[in-house]
Amino acid sequence: MTTSAPARHTVPGSAGLRLAALGDRAVLHDLYDETGSAVYHDLSAQDTLEVRELLGRVRTVPGPVLELAAGSGRLTFPLLALGRDVTALELSSGMLALLRQRLDEAPARIRNRCTTVHGDMSDFRLEGTFGAVVLGTTSISLLDAAGRAGLYEAVRGHLAPGGRFLLSTVERPADEAEETDGSDGTDGADGADDTEVVLDVVGASGRGYRMHEHWPAGADARVITVFPAEEPASGTVPVATSTVGVLPVARLTAELAAHGLTVTARYPLPSGGWRHRDVLLEAEVAA
C-alpha cells in the first residue's frame, strides 16, 4: 500500500467540479501524506466511533496488542489506557510522526508501553505474538485483494494461541438489499439519489472543512475529498482525497475463512448515519 499523490481526474462529482474551478490554486494531497495526515488527524481526534466496542473485546483476551494502521493514535491511546503493551504499526510517515509526537508528550507510564513501527500492514514480520490484533477505522478497505491476502497471512502468524483479530468494516444497507431482494439501492433515506453527500465539519483544532463523499450505488469504492470550509482569497488551497474500498461483511468473512481465520462474532457499531453501517468483526485462527 502506497500514498502517492492522487491525480485530479480521479476526483468525481461536485468535488471534481470544485477542483476544476480552483484551477492551479488547488494542491491535491493524499489523505495519508504529510499534509493530508494533519487534516485526517484533526478530523478524527474527537471521533469515538468503535472505541468502546473494541476496548470491550480486547479486555476479554490477555497479552500485548498489535494495532495495525495505527494512524496518529486515535485507538492507540485508549488501548494503552487499558494497561496493555501496544505495538503500533503505520505505513504513512506523516501519521507516524504525529503519533510519535503525541507519545513524546504523554506520561512515561504510557509512552514506555508503546512501540511504534514504520511498516505495511499487508506485509509485516514482528518479534513475538499478540493476544489481540486490532485493525480499526475500517482501514482494511484501503487494501486491494492481494494486500488483504498478505494481511490475513501476517495476522495469522502473529496471533498467540487463543488470540483474536478485531477489525471493522463499513457497508451500506443497499449492499444487503441487493443480495437479498435484488434491489439496486440507489435511493437514500428520503428516496433521493445518494451518490454524493457533502458535509460541513469542524476539526478538533476548530478549523472548518467541507467533506465530499462520492459513493455510487453498487460501487466497490468511495472517494473522500476534503476542502477547507473557507478558501483563502489568494494563494494555494490544500485539498486532501482518498479512494476507499467497500468491503461488505459477507465478503470479508469468506476471505478470512480462505486464509484460516474464522469469524466468531460480529457487533454492530454506533451508526454514522443512514448512509453507513459499521460492523466490528472478531476472528480467530481456525481449529
Side-chain angles (χ1 to χ4, degrees), residues 1-3 32 50 53-71 75-76 79 84 86-92 115 117-172 175-176 178-179 218-222 242-269 277-287:
M1 187 180 74
T2 60
T3 55
Y32 301 98
E50 79 184 354
E53 291 77 12
L54 272 169
L55 296 184
R57 299 315 304 160
V58 169
R59 285 190 181 98
T60 67
V61 291
V65 177
L66 170 60
E67 183 191 3
L68 303 175
L75 296 176
T76 312
L79 289 168
R84 301 295 184 86
V86 176
T87 297
L89 183 145
E90 172 58 47
L91 179 61
S92 165
T115 301
V117 177
H118 184 220
D120 188 338
M121 64 176 166
S122 68
D123 183 16
F124 61 91
R125 295 170 184 82
L126 305 174
E127 292 186 7
T129 57
F130 301 85
V133 178
V134 173
L135 178 56
T137 326
T138 70
S139 295
I140 192 169
S141 58
L142 296 171
L143 298 176
D144 60 17
R148 294 195 302 275
L151 165 73
Y152 303 144
E153 293 298 321
V155 167
R156 191 178 64 181
H158 286 79
L159 278 174
R164 296 290 187 271
F165 181 29
L166 300 164
L167 68 157
S168 58
T169 191
V170 62
E171 57 184 5
R172 65 197 297 178
D175 293 331
E176 184 173 300
E178 291 177 39
E179 293 180 6
D220 60 2
R222 54 195 176 114
S242 182
T243 299
V244 183
V246 178
L247 295 168
V249 168
R251 187 188 309 171
L252 274 182
T253 301
E255 290 182 358
L256 287 161
H259 290 271
L261 294 163
T262 301
V263 173
T264 58
R266 55 180 286 178
Y267 308 95
L269 295 171
R277 178 173 55 200
D278 288 8
V279 180
L280 175 65
L281 300 181
E282 182 172 339
E284 63 182 13
V285 176

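Remember, it's a predicted structure, so these values are computed and weren't measured experimentally.
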Least distance between heavy atoms, [X] atom then [Y] atom:
X	Y	answer
G136	L75	CA-CD1, 3.8 Å
S139	M121	O-CE, 3.5 Å
T76	A70	OG1-CB, 3.9 Å
Y152	L261	O-CD1, 3.8 Å
A286	T262	CB-OG1, 3.5 Å
L143	G147	CD1-O, 3.8 Å

Just verifying a value: how many Å separate [X] [atom1] and [Y] [atom2], rounded to the nearest 0.5 Å?
X	Y	atom1	atom2	result
E282	R266	CD	CZ	13.5 Å
D220	R251	CG	CZ	7.0 Å
D123	E153	CG	CD	11.5 Å
L79	L55	CG	CG	5.5 Å
L66	F165	CG	CZ	9.5 Å

If we check side-chain contact (heavy atoms from CB on, under 4.5 Å) with [X], which of these qualifies: [options]?
X	options	result
S168	D278, L269, L281	L269
V155	L256, V133, V285	V133
H158	T129, L68, L126, T87	L126

Do the side chain of R84 and the main chain of G63 share a donor and acceptor less than 3.5 angstrom apart?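 Yes, R84 side chain to G63 backbone: donor-acceptor pair under 3.5 Å.
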Quick one: does R156's side chain have a donor or acceptor within less than 3.5 Å of a partner on H259's backbone?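 Checked: pair present.
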[X] vs [Y] side-chain heavy atoms within contact, under 4.5 Å:
X	Y	value
L167	L252	yes
L247	R148	yes
V170	R222	yes
L135	L166	no

Start with the C-alpha distance between S122 and L91, add both sets of side-chain angles, then the distance that settles side-chain contact (heavy atoms from CB on, under 4.5 Å), and finish with yes or no.
CA-CA 10 Å; S122 68; L91 179 61; over 6 Å; no
Would you kindly say whether E284 and T264 are connected by a side-chain donor-acceptor distance under 3.5 Å?
->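 Side-chain D/A pair, E284 to T264: absent.
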